[in-house]
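All values reported here derive from a predicted model rather than from experimental measurement.
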Number of protein chains: 2
Amino acid sequence: MEAKNKLRMTKQRQVILEELRKVKTHPTADDMYQMLRKKMPKISLGTVYRNLEILSESGIIQKLDVGGTQKRFDGDITIHSHVRCIDCGRVGDIDVTPKYNLEAEAQKMTDFMIFRHRLEFTGLCPICQHKKKATS
Amino acid sequence: MEAKNKLRMTKQRQVILEELRKVKTHPTADDMYQMLRKKMPKISLGTVYRNLEILSESGIIQKLDVGGTQKRFDGDITIHSHVRCIDCGRVGDIDVTPKYNLEAEAQKMTDFMIFRHRLEFTGLCPICQHKKKATS
DNA sequence: CTATTTGATAGAAATAATTACTAATTACAT
DNA sequence: ATGTAATTAGTAATTATTTCTATCAAATAG
């Protein structure tokens, strides 16, 4: 019943972690797969999924659920929020630190035991802003 | 090419809307399907999906994306946040109105054009709190 | 009132994203 | 170096959702 947590640092796991930390985007599992197979052509999509899952479970990376059909991943585990472009799905970072304790505020309103919050924004990325302008 | 917006109030659509407004939970499409087929045994899962989509697109209900694998729906379209139980997935309402303009704050930090925000909490629902207590 | 067109339905099939299975391989402690 | 449990590639299966198709019913035209 104990969590053994024997994490082996395989080549695949290492490359996945390195690559995710390198990019400033927030790739989906498939994005990662496409990126990775350039360096490691025989890597399998299942391996990418499994490792992203394992790495996020052990808190080494972050799994994002910012809307849209696919999960995304972030190598930056510091506290920050995200914006998602409603047109193209691109996800960017935003550093907004709420000026008061949202969890405490929320705790007053519910019988759930509150652990943490997630603040996310929706908007238009620079590229899609330009496209909109061109169309009008 | 114009948005005609001809919404026919069919029996199925009506029952879906009524049922969603009646419950205080935040059912998935399949939850709805299971609930609805008790009243309307021949209703199709596709119809449930399509109508929840149509109703949320026209702003009559809300489509939620609070994590987990399935989308959820909310008949309450007033501004409010949600908590999701990390154990069972149950979703509850929380009325926290941030005391300052989060969008404006975020806009300073990004070149995305910010439209709106979404604030969500994670925690343990009352039922799972009890289960945890019993186990310890 | 009857015909037409338009939107909606049930049921099945298709697609997309993710997870599970299996035999072969590999990292790592001894 | 060797044993063994973890991990892999490749494939199959599953899950959630969307699309397709033939049919049906309401609304509108004549």
Side-chain angles (χ1 to χ4, degrees), chain A residues 1-20 26-58 60-61 63-73 84 88-89 91, chain B residues 1-20 26-58 60-73 84 89 91:
Chain A
M1 216 60 197
E2 326 236 337
K4 277 284 150 67
N5 229 10
K6 290 221 175 191
L7 263 232
R8 249 183 221 179
M9 191 47 70
T10 61
K11 211 150 214 162
Q12 290 83 342
R13 189 163 292 163
Q14 199 169 323
V15 173
I16 288 170
L17 187 54
E18 271 172 19
E19 191 71 12
L20 182 60
H26 303 76
T28 63
D30 196 68
D31 290 340
M32 285 294 290
Y33 178 55
Q34 301 306 337
M35 286 152 54
L36 291 162
R37 59 196 313 198
K38 285 170 192 163
K39 313 195 157 183
M40 193 180 263
K42 305 237 50 159
I43 200 170
S44 132
L45 179 58
T47 299
V48 175
Y49 267 104
R50 185 163 26 72
N51 278 302
L52 289 171
E53 185 62 34
I54 289 169
L55 289 169
S56 67
E57 261 172 18
S58 43
I60 298 166
I61 66 170
K63 192 193 216 176
L64 306 181
D65 192 8
V66 284
T69 53
Q70 287 158 286
K71 300 274 156 59
R72 289 171 178 273
F73 297 86
R84 180 185 153 82
C88 70
V91 173
Chain B
M1 218 64 199
E2 327 234 339
K4 277 286 152 62
N5 228 10
K6 287 218 172 189
L7 262 236
R8 231 178 240 180
M9 193 45 73
T10 61
K11 212 156 215 158
Q12 288 84 343
R13 189 162 293 163
Q14 198 169 324
V15 175
I16 289 170
L17 186 54
E18 269 172 19
E19 191 70 13
L20 181 60
H26 302 77
T28 63
D30 196 69
D31 290 342
M32 285 295 290
Y33 177 55
Q34 301 305 337
M35 286 153 54
L36 291 161
R37 60 196 314 197
K38 285 170 191 162
K39 312 194 157 180
M40 191 180 265
K42 305 238 49 158
I43 199 169
S44 131
L45 179 57
T47 300
V48 175
Y49 267 103
R50 184 165 26 71
N51 279 303
L52 289 171
E53 185 61 34
I54 289 169
L55 289 169
S56 66
E57 261 172 18
S58 44
I60 297 165
I61 66 171
Q62 243 193 116
K63 191 193 218 175
L64 306 180
D65 192 8
V66 284
T69 53
Q70 289 158 284
K71 299 273 157 61
R72 289 170 178 274
F73 297 86
R84 180 183 153 81
V91 172

If you find the nucleotide of DNA chain D closest to A/K42 and the one closest to B/Y49, which residue's nucleotide is nearer the 5' end?
A/K42
B/E57 with B/K63: basic N within carboxylate O range, under 4.0 Å
no
Passes side chain to side chain contact (heavy atoms under 4.5 Å, CB included), A/L36 versus A/Q12? Steps please.
CA-CA 9 Å; A/L36 291 162; A/Q12 290 83 342; over 6 Å; no
Gap between atoms [atom1] and [atom2], on [X] and [N] respectively (whole Å):
{"X": "B/L64", "N": "D/dT17", "atom1": "CG", "atom2": "P", "value": "12 Å"}
{"X": "B/Q70", "N": "D/dT14", "atom1": "CD", "atom2": "P", "value": "17 Å"}
{"X": "B/N51", "N": "D/dT18", "atom1": "CG", "atom2": "P", "value": "13 Å"}
{"X": "B/K71", "N": "C/dT18", "atom1": "NZ", "atom2": "C1'", "value": "14 Å"}
{"X": "A/M9", "N": "D/dA6", "atom1": "CE", "atom2": "C1'", "value": "13 Å"}
{"X": "A/L45", "N": "D/dA13", "atom1": "CG", "atom2": "P", "value": "17 Å"}
{"X": "A/L52", "N": "C/dT18", "atom1": "CG", "atom2": "P", "value": "10 Å"}
{"X": "B/D65", "N": "D/dA16", "atom1": "CG", "atom2": "P", "value": "14 Å"}

Measuring to OP1 and OP2 of [N], would you say a side-chain N or O of [X] lies under 4.0 angstrom away?
{"X": "A/Q12", "N": "C/dT26", "result": "no"}
{"X": "A/T10", "N": "D/dT8", "result": "yes"}
{"X": "B/S44", "N": "C/dT9", "result": "no"}
{"X": "A/R8", "N": "C/dT26", "result": "no"}
{"X": "B/T69", "N": "D/dT15", "result": "no"}

So, taking the atom named CD1 in B/I60 and the one named CG in B/L52, what distance separates them when rounded to the nearest 0.5 Å?
11.5 Å
The nucleotide from D/dA9, D/dA16, C/dT9 with an atom nearest the side chain of A/T47 is D/dA9
Can a donor-acceptor pair under 3.5 Å be found between the side-chain atoms of A/R50 and the base atoms of D/dT8?
no
Quick one: do A/I54 and A/R13 satisfy side chain to side chain contact (heavy atoms under 4.5 Å, CB included)? Show the steps, please.
CA-CA 10 Å; A/I54 289 169; A/R13 189 163 292 163; 3.7 Å; yes
Verify side chain to side chain contact (heavy atoms under 4.5 Å, CB included) between A/V66 and A/H26, making sure each step is shown before the conclusion.
CA-CA 10 Å; A/V66 284; A/H26 303 76; over 6 Å; no
